[in-house]
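Computed over heavy atoms, backbone and side chain alike; hydrogens, waters and symmetry mates excluded. Each chain gets a letter, A, B and so on, in the order the sequences are listed, and its residues count up from 1.
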There are 2 protein chains.
Amino acid sequence: MKPCAGFARKRAWKASVKSDVNKTTRGIQSRNREEVTARILAAAEKVFAEFGYAGASISRIAAVAGLPKSNVVYYFETKEALYRRVVGEIFDIWRAAADSIATDNDPIHALGDYIDTKLDLARTRPYGSKVWANEIIQRAPIVQDYLEEELRSWTENRIAVIDAWIENGQIRPISPRHLLYAIWAMTQHYADFTHQITTLNDGVELTDAQWNETKAAVKDLLLCGVALPDLNRA
Amino acid sequence: MKPCAGFARKRAWKASVKSDVNKTTRGIQSRNREEVTARILAAAEKVFAEFGYAGASISRIAAVAGLPKSNVVYYFETKEALYRRVVGEIFDIWRAAADSIATDNDPIHALGDYIDTKLDLARTRPYGSKVWANEIIQRAPIVQDYLEEELRSWTENRIAVIDAWIENGQIRPISPRHLLYAIWAMTQHYADFTHQITTLNDGVELTDAQWNETKAAVKDLLLCGVALPDLNRA
DNA sequence: TCTTTTTCTGACCGATCGTGCAGAAATACC
DNA sequence: GGTATTTCTGCACGATCGGTCAGAAAAAGA
């Protein structure tokens with residue numbers, strides 16, 4: 001998977017050049033660096049999701065990660081740089097989830113796999129989705145460049161695939177763009193609005209069985225509008 | 001439309017009792033009060049949407065409303081009280097939008113009207129939707145009581161209506177709960193993610209024609225999974 | 001007019017924020 | 001061992017926050 005280069009723009013580690021030069025001789029330190037940064041990123045994803053960008057304080061992120069505030073600043077020089085890394089991670093994950101949308105694949109299976117994977121991510125990585133939602137709601141004040149450079153071209157490539165399916169007569173001639181938006185909306189809804197869904201589920205989180213029902217229902221609703229008319233449909 | 005009493009809980013105006021008693025004799029002052037509070041509420045809805053609860057400062061809301069900060073505090077004693085009023089307003093509007101979901105109405109038309117109205121609101125009142133999304137994403141730290149008291153019963157009533165439609169054989173036996181979630185997700189997506197959609201539209205807002213296409217596409221996708229099989233479908 | 005009530009505002013307080021920085025502590029390198 | 005580099009941390013600074021309060025200004029009531 002292509003790394004999210006756009007988000008690293010403002011990162012210029014004093015140490016990174018050196019550690020690239022002497023990479024083989026400094027294994028232990030590098031491993032610790034990765035462990036700590038991973039712990040900070042996980043904590044940041046959770047805190048940014050639960051409090052928003054403005055409401056998330058570095059000290060709270062540090063507390064969740066079990067580190068002093070200064071240590072977080074040491075690894076991620078500014079709050080904004082840390083935030084960009086968090087947003088970039090979820091975007092990379094989402095992008096990989098759409099690998100099944102390729103011209104050679106069967107449309108219904110490909111879209112079904114995409115929905116399944118995206119709903120799995122809604123369950124396993126809900127914080128990342130919430131951070132993304134917050135950023136977009138607030139008009140992408142920090143990652144707007146990324147929307148224009150990466151998201152735009154990526155989206156148009158996927159639309160081209162769906163258009164090809166339509167031209168080949170493999171699916172109904174629906175609007176590819178609105179289909180993508182529909183999939184994004186419904187799958188991310190189950191991540192971003194987890195709390196509402198849980199409250200409407202008598203306050204208890206969805207069970208494995210309920211998540212499977214959700215997957216089936218979402219695919220049923222969405223793909224019913226995509227699949228070619230089946231005269232044998234009950 | 002039933003007012004949103006739950007959100008007024010913590011409001012206890014020093015003046016409200018008096019102004020109720022002498023309502024007829026104090027027309028001018030009351031009118032001003034309503035004008036100013038309306039302007040504050042509009043500004044607050046916008047600022048809460050764009051910066052989140054933590055990021056929205058009273059001084060910024062006041063600046064947007066064209067008032068000194070102290071004046072905002074005078075009318076809404078705390079930031080939290082002002083926020084509750086804003087969230088309550090959008091919820092009341094959304095609740096009214098679902099009036100068409102009644103047993104006696106034709107399912108397809110009723111759901112289509114609901115989707116149309118909700119998408120109109122996504123265009124005309126996008127800030128309210130964003131405030132709601134932010135609140136839910138952050139696990140409803142301020143209006144959780146309202147979710148449990150109002151949203152839960154309201155949702156179950158709508159589910160009962162859809163269940164009745166299914167029992168009458170008017171629609172396919174889909175999951176009413178997931179259908180509601182799907183409608184919420186897709187309609188609110190066009191409000192909450194307006195900025196992403198605009199960016200993917202070459203940076204220009206959707207035109208009237210594009211909004212009509214959106215309505216048609218959303219209804220096509222969703223209602224196709226709801227309507228009974230039509231053997232004449234092209 | 002005089003009094004009372006309501007409306008409005010600037011000044012201020014304690015708390016928290018992001019971040020810079022000096023220097024301690026730990027590790028790597030020779 | 002000693003030196004250099006990286007890692008880590010406490011402290012301090014200016015800015016901004018939500019909210020209080022005294023009192024001015026305006027309106028209402030008599």
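One donor-acceptor pair, N or O on each side, does fall under 3.5 Å between the base of D:dG19 and the side chain of B:Lys69.
In this structure, OH of A:Tyr53 is placed 8 Å from P of C:dG18, rounded to the nearest angstrom. A:Leu82 has its CG atom 15 Å from the C1' atom of C:dC17, to the nearest Å. Atom pair B:Leu67:CG and C:dT9:P shows a separation of 7 Å (rounding to whole Å applied). For A:Glu35 and D:dT7, the CD to C1' distance is 14 Å, given to the nearest whole Å. Between B:Ile61 atom CD1 and D:dC17 atom C1' there is a gap of 12 Å when expressed in whole angstrom units. Between A:Glu77 atom CD and C:dC21 atom P there is a gap of 12 Å when expressed in whole angstrom units. Following rounding to the nearest Å, A:Ile40 (CD1) and D:dC8 (C1') show an atom-to-atom distance of 11 Å. To the nearest angstrom, P of D:dT7 lies 10 Å from CG of A:Asn71.
Closest to the side chain of B:Lys79, from the set C:dC8, C:dG18, D:dG19, is D:dG19. Closest to the side chain of A:Ser59, out of C:dC17, D:dT9, C:dT19, is C:dC17. Ranking D:dG18, C:dT9, D:dT20 by closeness to the B:Pro68 side chain, first place goes to C:dT9.
In this structure, B:Tyr83 and B:Tyr53 have perpendicular ring planes: the angle between them is above 60°, well past the 30° mark. Ring geometry, B:Phe193 versus B:His189: the interplanar angle falls under 30°, so the pair is classed parallel (tilted spans 30 to 60°).
The existence of a salt bridge linking B:Asp120 and B:Arg123 is excluded, since no basic side-chain nitrogen approaches an acidic carboxylate oxygen closer than 4.0 Å.
Cation-pi contact between B:Arg85 and B:Phe76: absent, since separation from the ring centre below 6.0 Å together with deviation from the ring axis within 45° is not met.
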Exercise. Yes or no on ring-ring contact (aromatic ring centres under 6.0 Å, His included) for A:Trp184 and A:Tyr181, after CA distance, side-chain angles and deciding distance?
Worked result: CA-CA 5 Å; A:Trp184 295 348; A:Tyr181 292 172; 5.6 Å; yes
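Phosphate contact (OP1/OP2 of C:dT7, side-chain N/O of B:Arg33, threshold under 4.0 Å): present. For the OP1/OP2 pair of D:dG19 and a distance below 4.0 Å, the side-chain nitrogens and oxygens of B:Ser70 include no atom meeting the criterion. The phosphate of D:dT7 (OP1 or OP2) has a side-chain N or O of A:Tyr74 nearer than 4.0 angstrom. Between D:dC17 and B:Ser57, a contact under 4.0 Å exists linking OP1 or OP2 to a side-chain N or O.
Using a 4.0 Å heavy-atom distance criterion, A:Ala56 is classed as a sugar-phosphate-only contact.
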